[in-house]
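Start at 1 and go down the list; that is how both ligands and their atoms are numbered.
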Amino acid sequence: MRLFPVFLTAAFASTGIAAAIPGHVDTSPGNKGTASLVQVRNPNFEFRHGPLALAKAYKKFGAPIPEDLRAVIARFRRTPKRDFGSVSTDPEKHDVEYLTPISIGTPPQDLIVDFDTGSSDLWVFSTEMAASDIKGQTVYDPSNSSTSQILQGSTWEITYGDGSSSSGDVYIDTVTIGNLTVPNQAVEAAKKVSSEFTEDPNNDGLLGLGFTSINTVQPTPQNTFFDNIKESLDARLFTADLKHGAPGSYNFGYIDPAAYIGNISWTPVDNSQGFWGFTSPGYAVGTGAFRNHSMTGIADTGTTLLLLPKSVVSAYYKEIQGAEYDSDQGGYVFPCSPTPPDFVFGVNNGIVTVPGDMVSYAPVDTANQNCFGGIQRDTGIGFSIFGDVALKTSFVVFDAGGLQLGWAAK
Ligand SMILES: O=C(c1ccc(-c2ccco2)nc1O)N(Cc1ccccn1)C1CC1
């Protein structure tokens, strides 16, 4: 029978050497019972921080742990694991929206959704919808997720500024974005969506990155993904790096210094309406002089265009030969060439430049003669909306920790 020298196992385990494998113990008469044991690394041994291993050794032999060692251990224990993550986001035609992959449930169900800093509901197309409302979208099936739990009695309903709407009930399930997972995220399953969503085959839902104060779940509003994960991030912020006709990214918990040039201009955020609100001090048209003109608005990745006060918009289009407000098109239209002037807006004591070629949003006719403007009036909304036309020219930091927005060129 092979004796397994248990005392040796214990001794080795505390030093990271695997339990010695049973060696050959020579018990022939006259022999002192010597043993030769081959050591192998213990695959299950968790490498312990040096001071921790030293403290363990003191403990094992009943020696008091010196004060300085105790202090090091305490500091090591206080810094919990921190996190950060990144996910790619792709523009639809004309950069009308940017779509980003997320995973929901167990096993993971992969959907592609619109990250929207202008709203705060995470809702998705679901198996609870009428088949006629689904045209090509991928749907979330809570019954196919072993981790989904219905949030009994909860419902949601949201209406967006473009008149679109959706509603349904609520599940708690695991949601992963990039390498970041929230195990108990409220996932709002759609039962109804308006035609604007049905007719958008590539968009499986919205992921709100606004403030939880405007989440529409009743009776108890639910946290956004960002609100659920922000305390475990290295920094309580996310960044939006949207691009014109090319993949961009949303990063969580860190500012990538390689993603921007020059300095970040910071401006305080007013989140009293649940949005990433700020006030721009003014604007310039092309190479013209900067005009002081306070514009209060929000940074909204979910809105395509740059919607500004009527007076600013008409001052801009006044500089374009042939530009006019076309009520048939519902906005300013102008000749696609020559390229219109840049539009510059202030952010604190910095500026953001929207290049003229990004102001031409899209041709209004097949002859490509006239273009619909990317800058339009914010009439009736109550504030301006710095949507994708403004955001895609910049690297934007949504800093919940400092309650500030950072804008940088790239
Ligand atoms: O679509 C929305 C929008 C987003 C969320 C909510 C909402 C209601 C309740 C919770 O969230 N209501 C909106 O209306 N835009 C953009 C927009 C575009 C055009 C006209 C009006 N607005 C909000 C961010 C400003």
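- Comparing Phe275, Tyr160, Trp276 against atom 23 (C) of ligand 1, the shortest heavy-atom distance belongs to Phe275.
- Looking only at heavy atoms of the protein, atom 5 (C) of ligand 1 is closest to Gly118 O, 3.2 Å.
- Against a heavy-atom cut-off of under 4.0 Å, Ile385 is close to the following atoms of ligand 1: 16 (C), 17 (C), 18 (C), 22 (N), 25 (C).
- In this structure, the protein non-hydrogen atom closest to atom 6 (C) of ligand 1 is Thr159 O, 4.0 Å.
- Among protein heavy atoms, atom 16 (C) of ligand 1 sits closest to Thr303 OG1, 3.3 Å.
- Close approach to Ile298 involves these atoms of ligand 1, each under 4.0 Å from a residue heavy atom: 24 (C), 25 (C).
- Glu92 and Asn202 are linked by a side-chain donor-acceptor pair at a separation below 3.5 angstrom, with hydrogens and angles left out of the test.
- Looking at Arg82, its side chain does come within 3.5 Å of a backbone N or O of Glu231 through a donor-acceptor pair.
- Under the 4.0 angstrom criterion for non-hydrogen atoms, Asp116 is not in contact with ligand 1.
- Shortest contact from atom 10 (C) of ligand 1 to any protein heavy atom: Ile214 O, 3.1 Å.
- The atoms of ligand 1 that sit less than 4.0 Å from any heavy atom of Asp300 are 16 (C), 24 (C).
- Between Phe211 and Trp276, the ring center distance clears the sub-6.0 Å criterion.
- Counting only N and O atoms by type, the side chains of Asp116 and Tyr160 include no donor and acceptor under 3.5 Å apart.
- Taking only nitrogen or oxygen atoms, main chain and side chain alike, Ile158 does not reach within less than 3.5 Å of ligand 1.
- Just one of Asp110, Thr176, Thr181 meets the side chain to side chain donor-acceptor pair (under 3.5 Å) condition when paired with Ser103; it is Asp110.
- Checked by atom type, the side-chain pair Gln149/Asn184 shows no donor-acceptor distance below 3.5 Å.
- Side-chain atoms of Tyr171 and Glu128 include a donor-acceptor pair closer than 3.5 Å.
- The Thr216 neighbourhood of ligand 1 comprises atoms 9 (C), 10 (C), with distances under 4.0 Å to a heavy atom of that residue.
- Thr339 and Asp357 form no side-chain donor-acceptor contact under 3.5 Å, judged by distance and modelled atom types alone.
- Here the two rings, on Phe386 and Phe278, have centers that are under 6.0 Å apart.
- When only non-hydrogen protein atoms are considered, atom 21 (C) of ligand 1 lies nearest to Gly161 CA, 3.2 Å.
- Counting atoms of ligand 1 from 1 in the listed order, those under 4.0 Å from a heavy atom of Phe383 are 25 (C).
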